[in-house]
There are 2 protein chains.
Amino acid sequence: MARPSGSDAGVTGPRVRDAAERLFAAHGYAAVSMRAIAAEVGIGAGALYHYTPDKQTLLFQLMRAHLEEVIAAWAETDPKGAPADRLDAFARFHIQFHLDRPEAVFIAYMELRALEPDNFAVIETLRRRYEAILRDILAAGVAAGEMQVADVPLAANALIAMLTGVTTWYREGGRLERGEVETLYAQMALGAVGAQKSSAKTF
Amino acid sequence: MARPSGSDAGVTGPRVRDAAERLFAAHGYAAVSMRAIAAEVGIGAGALYHYTPDKQTLLFQLMRAHLEEVIAAWAETDPKGAPADRLDAFARFHIQFHLDRPEAVFIAYMELRALEPDNFAVIETLRRRYEAILRDILAAGVAAGEMQVADVPLAANALIAMLTGVTTWYREGGRLERGEVETLYAQMALGAVGAQKSSAKTF
DNA sequence: GTCTATAGCCCGATAGAC
DNA sequence: GTCTATCGGGCTATAGAC
């Protein structure tokens, strides 16, 4: 399609977002300068402003894109079966997504406080929508008698925190394979709410 | 004991640490300026340096004091009985401590990346020592046949993350009392590792 | 599309008066 | 023990050359 000149348009933009994601996750939004992002990309600081109007918008768009992606991805993963099986699938999905995109996830949970009020409201709505998925699963599990959960919102918060925490210690190539980690976290999640997979039921 | 003049010595120091703790927890270490801390205390920025040699040391000392306190407090709380009962006690202790000192806990877990290497090494050692408490409980539970834990370090990480997450949502005066929160989290922790309190056993 | 230069501001930390 | 003033530098974002 022969661009008139210069370097790869449509390539630097994603590289800027990748660099920002990596650095925000590693050091925190407030601790990362636009100069540092530019240096990571290999351009001058001024050139960044062709790709984002400002630093805050860069953060906001990273967070929004991630949350919209995770919500959409779950919609395609949801097995829509028995609540215990959905919880198993949700735990595995959440772990998988977090291990695939640890930086984006870390930012989405940790940098809420760095958002300006209008941006915060948008992100908070998306975050609540994602957490509502788990609350719905737990509520269905209680209704079906498959789970013992005294307080659904509390249990959902506790499970999300547990699952999200995987990013703080898991490193590729370590002692455990990803599949093992998924399985173990899913087992703990089921156990925490007194559930078991339908395939494990004794009739 | 009649100080020669001026304001309350021995009082401003703790106020500086309290202000720093509050602001670091709310906005993150990197986002908080020494001027902001001074304003919170009600003194000029220059006067801060009578209480800390620099900003980094302020963070380091907050984190070290907190971790040493939590380790010492557990040593006095540990019921030293059956592993399942110790896990129940640990979960309640951890929740209590976190709800009593949410700012200190939040900083201790979130600002590790803001520490300079020498300080990081000290804090990381303390943090590992605290997490080893839970690993020891789980290992004892497995050995006693009271718990089903396929991987002790993973389970310890998962439980710590779950319990610590309480600070992200619990607010005093909300829907749930602290005692309820402790009980529910302890139940989930026990369930996650397939354990139950000795008082709940069926013989 | 990227560069260099810079405006305007805030930063951590220090010096010295009181 | 606190103040004011300040040093030296980094920050975000913009302007204008190429």
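What's counted below: heavy atoms across the whole structure, side chains too, no hydrogens, waters or symmetry copies. Just so we're on the same page: letters track the sequence lines, and every chain starts at 1. All figures in this text were calculated on a predicted structure; none of them were measured in a lab.
Taking the ring centroids of F93(B) and H98(B), they lie at or beyond the 6.0 Å cut-off. Not less than 6.0 angstrom separates the ring centroid of Y170(B) from the ring centroid of Y185(B). Ring pair F60(A)/Y29(A): centre-to-centre distance not below 6.0 Å.
Side-chain proximity of R35(B) to dA13(D), dG1(C), dG12(C): nearest is dG12(C). The side chain of K55(A) has dA13(D) as its nearest neighbour among dC3(D), dG12(C), dA13(D). The side chain of Y49(B) has dG12(C) as its nearest neighbour among dA13(D), dG12(C), dG1(C). Set against dG12(C), dA13(D), dC3(C), the side chain of D54(A) has dA13(D) as its closest nucleotide.
Between the CE atom of M34(B) and the C1' atom of dG12(C) there is a distance of 7 Å, given to the nearest Å. Separating the CD atom of E116(B) from the C1' atom of dG12(C) is a distance of 12 Å, rounded to the nearest angstrom. Taking atom CG of L48(B) as the reference point, atom P of dG12(C) lies 10 Å away to the nearest angstrom. Residue Y51(A) contributes atom OH, which lies 17 Å from atom C1' of dT14(D) at whole-angstrom precision.
Remark: the backbone N or O of E116(A) is paired with a side-chain donor or acceptor of Q56(A) at under 3.5 angstrom.
Heavy-atom distances under 4.0 Å link DNA chain C to I43(A), G44(A) of residues 37-44 of chain A, given in residue order.
Between S33(A) and the phosphate of dG10(D), there is no side-chain N or O to OP1/OP2 separation shorter than 4.0 Å.
Listed by first then second residue, pairs satisfying side-chain hydrogen bond (donor to acceptor under 3.5 Å, both in side chains) with a partner in residues 60-77 of chain B read E69(B)-R101(B), not counting sequence neighbours.
Of the options Q187(A), M188(A), E182(A), a side-chain contact (heavy atoms from CB on, under 4.5 Å) to L184(A) is made by Q187(A) and by none of the others.
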